[in-house]
Amino acid sequence: MAAINSSQRILAPFEGYQLKVFIQDKNAVLLLCEDDVLLIEDAGCTAQSDIQHWQSTHQQACEITLDTNQVCTVNRAESKYNAKFVCPVRNS
């Protein structure tokens, strides 16, 4: 929360939703919920949000459903072999 204390406008799009952050071992999990229904679940170790619960026909309670030990371990292994490097372009 320290990162957004000086700029509350960053949270404006989330007004009316609940943002919950949990720690599993060394990994963070963010839940975006509305009226105790889980909409998005995100492990902090991945670049994209992990589960889009709002697309499901089944409503999920606002609780963690993923195991970051599995998600983050797979992500680390993939990034080790699929690393992309960006090289600066020189103007001649």
Side-chain angles (χ1 to χ4, degrees):
M1 295 303 290
I4 59 172
N5 281 343
S6 63
S7 186
Q8 291 296 317
R9 69 178 170 17
I10 293 171
L11 291 177
F14 300 102
E15 194 171 315
Y17 296 94
Q18 298 84 45
L19 289 171
K20 298 182 179 184
V21 178
F22 298 91
I23 303 297
Q24 282 186 351
D25 294 321
K26 296 180 181 180
N27 304 300
V29 179
L30 180 131
L31 306 180
L32 176 66
C33 306
E34 182 178 33
D35 299 326
D36 203 39
V37 174
L38 184 54
L39 302 175
I40 297 174
E41 186 170 15
D42 181 52
C45 62
T46 59
Q48 60 213 17
S49 60
D50 296 289
I51 304 175
Q52 305 294 321
H53 292 281
W54 62 271
Q55 294 176 334
S56 174
T57 56
H58 171 72
Q59 287 190 344
Q60 176 68 40
C62 189
E63 301 171 352
I64 296 173
T65 66
L66 56 78
D67 179 357
T68 59
N69 287 321
Q70 289 180 335
V71 173
C72 296
T73 301
V74 168
N75 186 53
R76 282 187 207 108
E78 288 176 355
S79 65
K80 179 179 177 182
Y81 298 105
N82 295 323
K84 294 181 181 177
F85 299 96
V86 178
C87 298
V89 176
R90 283 190 195 165
N91 293 332
S92 356

Please tabulate, for side-chain N and O atoms in residues 36-45, each donor-acceptor pair with protein atoms closer than 3.5 Å (sequence neighbours left out).
residue	atom	partner	partner atom	Å
E41	OE1	H53	NE2	2.8
E41	OE1	T65	OG1	2.4
E41	OE2	T65	N	2.6
E41	OE2	T65	OG1	3.4
E41	OE2	L66	N	3.1

* Whether over 12 other heavy atoms sit under 6.0 Å from Y17 OH ->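 At most 12 heavy atoms, drawn from other residues, nucleotides or ligands, come within 6.0 Å of this atom.
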
* E34, CD: over 12 other non-hydrogen atoms inside 6.0 angstrom ->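 Atom CD in E34 is crowded, with more than 12 foreign heavy atoms closer than 6.0 Å.
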
* What do the steps show when you test Q24 against D67 for side chain to side chain contact (heavy atoms under 4.5 Å, CB included), and what is the final call? -> CA-CA 8 Å; Q24 282 186 351; D67 179 357; 4.1 Å; yes

* Asked: Roughly how far, to the nearest 0.5 Å, is the NZ atom of K20 from the CG atom of L32?
  ->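 Interatomic distance, L32 CG to K20 NZ, rounded to 0.5 Å: 11.0 Å.
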
* Please step through side chain to side chain contact (heavy atoms under 4.5 Å, CB included) for the pair L19 and L31, ending with a clear verdict. => CA-CA 6 Å; L19 289 171; L31 306 180; over 6 Å; no

